[in-house]
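One structure is given below, encoded as structure tokens.
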Amino acid sequence: MFTGTVLTRLAKEGVVGLDTPLEECLEEVPAGTGITLRHLAEHTSGLPRLPVGPAGPPGDPCATFTEQALRATLRELDRVATGPMGKEDYSNLGYAVLGHALTTVTGCSYQQLVDRQVLLPLGLDVGAVTALPPREQRLVPRGLFGRPRPLWTLTGPILPAACGPPAGPCPRS
């Protein structure tokens with residue numbers, strides 16, 4: 001929800017277009033994939049649900065999806081996209097790629113984009129939503145019989161498929 005809202009607001013500001021080809025935002029992406037920012041946002045890019053590469057530990061498929069793994073995925077995006085373009089198929093990987101494209105184009109951290117484009121317009125404080133809330137404010141998923149389930153790693157490059165990270169410098173003030 002946050003990443004899609006950031007895309008929509010940046011498109012309204014003219015920073016990016018919904019139909020901007022992904023390779024115009026990210027130099028690692030091979031030319032001619034046909035994937036646009038809209039495809040990523042609408043889950044119609046043909047990308048798989050989860051990141052490709054080495055499997056994470058049981059119960060945390062995103063733990064091994066590092067910045068290095070993201071860049072390797074981007075360079076092979078034409079081979080990673082295995083689904084049909086235009087057919088809706090939920091993709092966390094697609095949203096991770098979309099978030100990376102938006103942070104690259106703007107030069108802002110993902111937290112800064114969420115703060116500026118989502119939280120502040122709603123009258124919420126900067127950092128009111130973050131990937132790293134204090135322990136006493138964390139939501140813990142429950143499994144069968146109410147037992148806590150392990151949390152997925154939702155920081156790093158997978159973050160735009162989840163919520164918001166720690167802040168860093170942003171050239172667009």
How many angstroms lie between CG in L113 and CG in L10, if you round to the nearest 0.5 Å?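 Spacing of CG (L113) from CG (L10) equals 6.0 Å.
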
Interatomic distance, L119 atom CG to F2 atom CZ [nearest 0.5 angstrom]: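 L119 atom CG to F2 atom CZ measures 6.0 Å (nearest 0.5 Å).
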
Output side-chain donor-acceptor pairs under 3.5 Å for residues 43-56, partner residues at least two apart or in another chain, one line each.
unit_1: H43; atom_1: ND1; unit_2: S91; atom_2: N; d: 2.9
unit_1: T44; atom_1: OG1; unit_2: H39; atom_2: O; d: 3.4
unit_1: S45; atom_1: OG; unit_2: L47; atom_2: N; d: 3.2

Can you sort out the partners of [X] under side chain to side chain contact (heavy atoms under 4.5 Å, CB included), two or more places apart, ordered by chain and number?
| X | answer |
| --- | --- |
| P148 | V140, R142 |
| T8 | none |
| D78 | P30, T33 |
| L120 | V126 |

So [Y] and [X], do their side chains get closer than 4.5 Å, heavy atoms only?
| X | Y | result |
| --- | --- | --- |
| L22 | T36 | no |
| E23 | E28 | no |
| S109 | T103 | no |
| V80 | L93 | yes |

Among Ile, Leu, Val, Met, Phe, Trp and Tyr joined by side-chain contacts under 4.5 Å, find the other residues sharing a cluster with F145 and list them by chain and number.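 Traced through the cluster, F145 reaches L144.
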
Filter on ring pair (Phe, Tyr, Trp, His ring centres under 6.0 Å), then keep only pairs touching residues 119-143, sequence neighbours left out; what's left?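 Checked against ring pair (Phe, Tyr, Trp, His ring centres under 6.0 Å) - neighbours excluded - no pair reaches residues 119-143.
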
According to the ring pair (Phe, Tyr, Trp, His ring centres under 6.0 Å) rule, which pairs have a member within residues 56-78, sequence neighbours left out?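 As it turns out, there is no ring pair (Phe, Tyr, Trp, His ring centres under 6.0 Å) pair with a partner in residues 56-78 once direct neighbours are skipped.
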
Can you name the nearest heavy-atom pair linking [X] to [Y], along with the distance?
| X | Y | result |
| --- | --- | --- |
| L102 | V6 | CD1-CG1, 3.9 Å |
| T64 | A69 | O-CB, 3.9 Å |
| G127 | D115 | N-OD1, 2.9 Å |

All side-chain hydrogen bond (donor to acceptor under 3.5 Å, both in side chains) counterparts of [X], not counting sequence neighbours:
| X | value |
| --- | --- |
| D19 | R38 |
| E42 | none |
| E24 | none |

Taking a hydrophobic cluster as the set of Ile, Leu, Val, Met, Phe, Trp and Tyr residues connected by side-chain heavy atoms closer than 4.5 Å, whether directly or through intermediates, do L37 and M1 fall within one such cluster?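 Hydrophobic grouping puts L37 apart from M1.
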
Give the cluster check for Y90 versus L98: same hydrophobic cluster or not, with ILVMFWY residues linked at side-chain heavy-atom distances below 4.5 Å.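 Looking at the clustering, L98 is in a separate group from Y90.
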
Verify, without hydrogens or angle tests, whether T104 (side chain) and H100 (backbone) share a donor-acceptor contact under 3.5 angstrom.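 At least one qualifying donor-acceptor pair exists.
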
List in chain and number order the residues that pass salt bridge (charged side-chain N to carboxylate O under 4.0 Å, His left out) with E67, two or more places apart in sequence or in another chain; answer none if no residue qualifies.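 Listed in chain order: R71.
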
